[in-house]
Amino acid sequence: MSLSIVILAAGKGTRMKSAITKVMHKLAAKPLVEHVIDTAKKLNPINLSLVTGNGAEQLQPLLATKQVVEVVQNEQLGTGHAVMQAIDQFSDADQVLVLYGDVPLTKVSTLQRLIDCGDANSLRILTTELADPTGYGRIVRNDADEVICITEQKDADTETLAIKEVNSGIMVLPAKWLALSVAKLTNNNVQGEYYLTDMVSLAVTDGISINTLCCADNTEVAGVNTRQQLAALERHYQLLQANDLMVNGVTLADPARIDIRGELITGTDITIDVNVIFEGKVTLANNVKIGANCIIKDATIGEGTIILANSMIDSSVIGANVNIGPFARLRPGTILADKAKIGNFVETKNANIGKGSKVNHLSYIGDTDMGADVNIGAGTITCNYDGANKHRTIIGDRVFVGSDTQLVAPVTIENGATIGAGSTIRKTAPADALTLTKSEQRTVKGWQRPVKKK
Ligand code: UD1
Ligand code: MG
């Protein structure tokens, strides 16, 4: 049975107190509405449209990349009115699924169960039971337990207000019937809005059967109206992801103190200490250990590699059995071969560092190709920028660079070369030889320390 999906997202989101339209606020670094779009796509609808209104221009780039049809609702006259604007989208479909752009965590499996809980000619409503149902539309049933209508909070009497089963807003409707009947909605209610929920009483009149699926997990149907609710859903979502990691063989020092803002692919026997943030796409091989407070973005980390506390890794490829940190900063284009070592207060960028090579302390290695088994002394700087252009530093295998050295690019240090401490190297340092640029040590007789002027 062909399915058309419409996502409602024209509302203001007044309570967010934001220049950013509500559905573009982010959960796990992804706009709320993008979560809904990604979920909707997994149901393989024949078309997917989204009703915009407030802040439409903020949504348009996302809709373009996700290939979602935009339906503009110029005036926000209610959820029924919003669906009415999208009628042309349903003409080839058998059934229509209505989703909300501010309800990000509904599972695909739950939506599939909702679709399957009645035939294509029935009206299907995703409900949930809430201890405190304030604000929601109540599911009103007759003595035979059949749904007869949904009554909004503001239109409800005391008896109706006591009902704990509420409308999530998510519904599946027969497409042809919806297209014909939606025009019958009126706005004779306290809010003066065209309610989509009134389709339920129209269905009763038209003899359309009504089915409900009660979602046990409230967070799947929770909407975001305030920043507090956004923060609460963010924590919930992170805890779900942390749980998935543990199920898949990852040890977390504290599942409440990890943030995954993207996709994290993991092997087994990985250990992650507290306050680690993953962004973009990160892959961790088996036996990786990550210390506290690391931020790792768009990176691949090889087997057995250890990343010590307070390190940042961005757009880098790290081999196996590498040691990084503490306090290391690996910037985009860093490629570390197996068994390399990057120590504290070392910054790398666009750098290939060969197998077993070590940069242990206080260095900047940028725009560099470094061979295997190199030792870079503390405080070594590759001077890659001449004020206008960047240049590369080429370092061969088995090179030893003494501490506090500047390698002024473009420059080459050949295989097996040794550079004396404190050198400023501007020309090729030949293979297997000692090169140094500092003058010989001398002692000045009679020299006195300067004294403070009185
Ligand atoms: C709606 C339901 C209520 C349900 C609740 C669940 C109706 C009449 N009520 O109430 O039964 O319990 O959701 O959260 O449907 N929107 C538009 N255009 C409009 C109005 C709304 O696109 O003209 C969009 C909003 O952006 C939002 C969604 O529809 O994504 C729901 O609108 P909202 O105003 O929050 O409805 P509620 O009053 O919460
Ligand atoms: Mg709402």
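We count residues from 1, following the sequence as given. Both counts, for ligands and for their atoms, begin at 1 and track the order of listing.
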Check your understanding: Is ligand 1 under 4.0 Å from a heavy atom in the side chain of Gln73, in the backbone, in both, or in neither?
Key -> side chain
**Study point:** Distance filter under 4.0 Å to Leu8 heavy atoms, resulting ligand 1 atoms
**Key:** 22 (O), 24 (C), 29 (O), 30 (O)
Review point. Is there a heavy atom of His81 sitting under 4.0 angstrom from any atom of ligand 1?
Key: no
Study note, to complete from the structure: The answer for which part of Glu152 has a heavy atom under 4.0 Å from ligand 1 is side chain
Check your understanding: Which is closest to atom 19 (C) of ligand 1 by heavy-atom distance: Ser168, Gly80, Gly78?
Key -> Gly78
Review point. If you measure from each non-hydrogen atom of Val166 to ligand 1, which part falls under 4.0 Å: side chain, backbone, both or neither?
Key: neither
Point to revise | Flag, side chain of Thr283 to backbone of Leu264, donor-acceptor distance under 3.5 Å | key: no
Exercise for review: Provide the number and element of each atom of ligand 1 under 4.0 Å from a heavy atom of Ala9.
Suggested key: 22 (O), 26 (O)
**Study point:** Heteroatom distance test (Ala82, ligand 1): nitrogen or oxygen, under 3.5 angstrom
**Key:** no
Practice item. Please identify which atoms of ligand 1 are closer than 4.0 Å to at least one heavy atom of Leu77. Key: 23 (O)
Practice item. Find all atoms of ligand 1 within a distance of less than 4.0 Å from any non-hydrogen atom belonging to Gln76, and give their numbers and elements. Key: 19 (C), 23 (O)
Practice item. May I ask you to decide whether Glu165 forms a salt bridge with Arg138, counting only side-chain N to carboxylate O separations under 4.0 Å? Key: no
Review point. Does any non-hydrogen side-chain atom of Met171 lie less than 4.5 Å from one of Thr197?
Key: yes
**Study point:** Ile125 vs Ile150 side-chain heavy atoms within contact, under 4.5 Å
**Key:** yes
Review point. Do Thr197 and ligand 1 have an N or O pair less than 3.5 Å apart?
Key: no
Practice item. State, yes or no, whether a side-chain contact exists between Asn350 and Thr368 at a heavy-atom distance under 4.5 Å. Key: no
Point to revise | Numbered atoms and elements of ligand 1 in range of Asn167, under 4.0 angstrom, heavy atoms | key: 2 (C), 3 (C), 4 (C), 6 (C), 11 (O), 12 (O)
Review point. Quick one: does Ala10 get an N or O within less than 3.5 Å of an N or O on ligand 1?
Key: yes
Review point. Any idea how His35 and Tyr237 line up, ring-wise: parallel (<30°), tilted (30 to 60°), or perpendicular (>60°)?
Key: perpendicular
Exercise for review: Measure from atom 26 (O) of ligand 1 to every heavy atom in Gly223, Gly11, Gly137 and give the option owning the shortest one.
Suggested key: Gly11
Check your understanding: Under the side chain to side chain contact (heavy atoms under 4.5 Å, CB included) criterion, do Ile395 and Ile376 qualify, and how do the steps go?
Key -> CA-CA 10 Å; Ile395 300 171; Ile376 302 288; 4.1 Å; yes
Revision key, fill the gap. Scanning both residues in full, the closest heavy-atom pair of Asp369 with Arg392 reads OD2-NE, 3.0 Å
**Study point:** Contact check: Tyr136 vs ligand 1, nitrogen or oxygen atoms, below 3.5 angstrom
**Key:** no
**Study point:** Backbone or side-chain N or O of Leu196 under 3.5 Å from ligand 1 N or O
**Key:** no
Review point. Looking at Cys149 and Thr151, what are the two nearest heavy atoms and their distance?
Key: SG-OG1, 3.7 Å
Exercise for review: State, with a plain yes or no, whether a side-chain heavy atom of Asp338 is found less than 4.5 Å away from one of Val322.
Suggested key: no
**Study point:** Under 3.5 Å side-chain donor-acceptor pair for Asn54 and Lys22
**Key:** no
Review point. Is there at least one pair of N or O atoms, one from Thr79 and one from ligand 1, spaced under 3.5 Å apart?
Key: yes
